[in-house]
Amino acid sequence: MGGAKSFPSLVILLVLVLDCSATPISKIRAHPQPCKRMVFYFHDILYNGHNSKNATAAIVGSPAWGNRTILTGKNHFGNMVVFDDPITLDNNLHSTPVGRAQGFYFYDKKDIFTAWLGFSFVFNSTEHKGSINFAGADPLMNKTRDVSVIGGTGDFFMTRGIATLRTDAFEGEVYFRLCVDIKLYECW
Ligand SMILES: *[C@@H]1O[C@H](CO)[C@@H](O)[C@H](O)[C@H]1NC(C)=O
Ligand SMILES: *[C@@H]1O[C@H](CO)[C@@H](O)[C@H](O)[C@H]1NC(C)=O
Ligand SMILES: *[C@@H]1O[C@H](CO)[C@@H](O)[C@H](O)[C@H]1NC(C)=O
Ligand SMILES: *[C@@H]1O[C@H](CO)[C@@H](O)[C@H](O)[C@H]1NC(C)=O
């Protein structure tokens with residue numbers, strides 16, 4: 001008796017399952033449009049033994065064959081840098097910052113110039129309050145690199161997306177500027 005009773009619900013379940021599989025998830029997600037898009041620049045001035053006043057980044061880790069003043073040879077393999085960099089709306093280092101980019105990068109390949117990045121954009125302005133968190137591989141020789149937007153707080157509560165990084169300037173081993181094109185696909 002019990003088996004007969006549950007038979008109709010089994011049919012309904014089967015119909016539901018078949019119905020869902022008729023619309024593949026991959027199709028729904030094929031070309032998502034960002035729900036928010038923002039472009040920022042951030043400026044990294046690496047301490048080099050002479051610029052302690054202006055430096056916004058410091059080498060905190062080095063392999064045994066190097067030191068923490070100058071990035072090592074071998075594509076800087078093993079160096080880790082911590083930074084607290086100003087974020088601006090244009091590519092001018094002297095523009096009024098709208099937030100800080102805070103985090104670290106380390107160089108993780110001996111035979112290619114490449115790094116891994118983990119950082120947050122921290123905003124506390126009238127425009128934006130909260131943070132956006134980023135993580136991912138940064139193959140520096142690529143003109144553009146995509147890293148993940150893995151979350152956020154405040155105005156960016158629970159966000160996710162992709163940030164396309166482009167090296168906008170690179171001066172010796174002291175200064176670089178990244179253009180960050182943030183495309184958010186989850187907005188609350
Ligand atoms: C620090 O920055 C100021 C203004 O941006 C610049 O004039 C000066 O040359 C910089 N000093 C060093 C040591 O990089
Ligand atoms: C750090 O290493 C570089 C070479 O990689 C060297 O030129 C420099 O003198 C070293 N600095 C210190 C403080 O040991
Ligand atoms: C943000 O800015 C306000 C006003 O300037 C200040 O009171 C507050 O402490 C700041 N918060 C953070 C987390 O820096
Ligand atoms: C770097 O560029 C190569 C070749 O253009 C591409 O295949 C690769 O996906 C890029 N990597 C990233 C992380 O953007």
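Here the structure is a predicted model, which means the values were calculated and not measured. Start at 1 and go down the list; that is how both ligands and their atoms are numbered.
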Review point. Do Tyr41 and Arg166 come close enough that some side-chain heavy atom pair is under 4.5 Å?
Key: yes
Check your understanding: Do Lys74 and Tyr107 touch side chain to side chain, with heavy atoms closer than 4.5 Å?
Key -> no
Review point. Could you walk me through whether Phe176 and Phe83 pass the ring-ring contact (aromatic ring centres under 6.0 Å, His included) check?
Key: CA-CA 12 Å; Phe176 68 77; Phe83 60 89; 7.8 Å; no
Nearest neighbour in protein (non-hydrogen) for [atom]:
{"atom": "atom 7 (O) of ligand 2", "value": "Ile70 CG1, 4.9 Å"}
{"atom": "atom 11 (N) of ligand 3", "value": "Asn124 ND2, 2.9 Å"}
{"atom": "atom 8 (C) of ligand 2", "value": "Asn67 ND2, 3.7 Å"}

Review point. Any protein heavy atom sitting closer than 4.0 Å to atom 1 (C) of ligand 3?
Key: yes
Check your understanding: Counting heavy atoms not belonging to Lys183, are there more than 12 under 6.0 Å from its NZ?
Key -> yes
Check your understanding: Is the Phe119-Phe42 ring centre distance short of 6.0 angstrom?
Key -> yes
Exercise for review: Determine whether any heavy atom of Thr69 lies closer than 4.0 Å to an atom of ligand 2.
Suggested key: yes
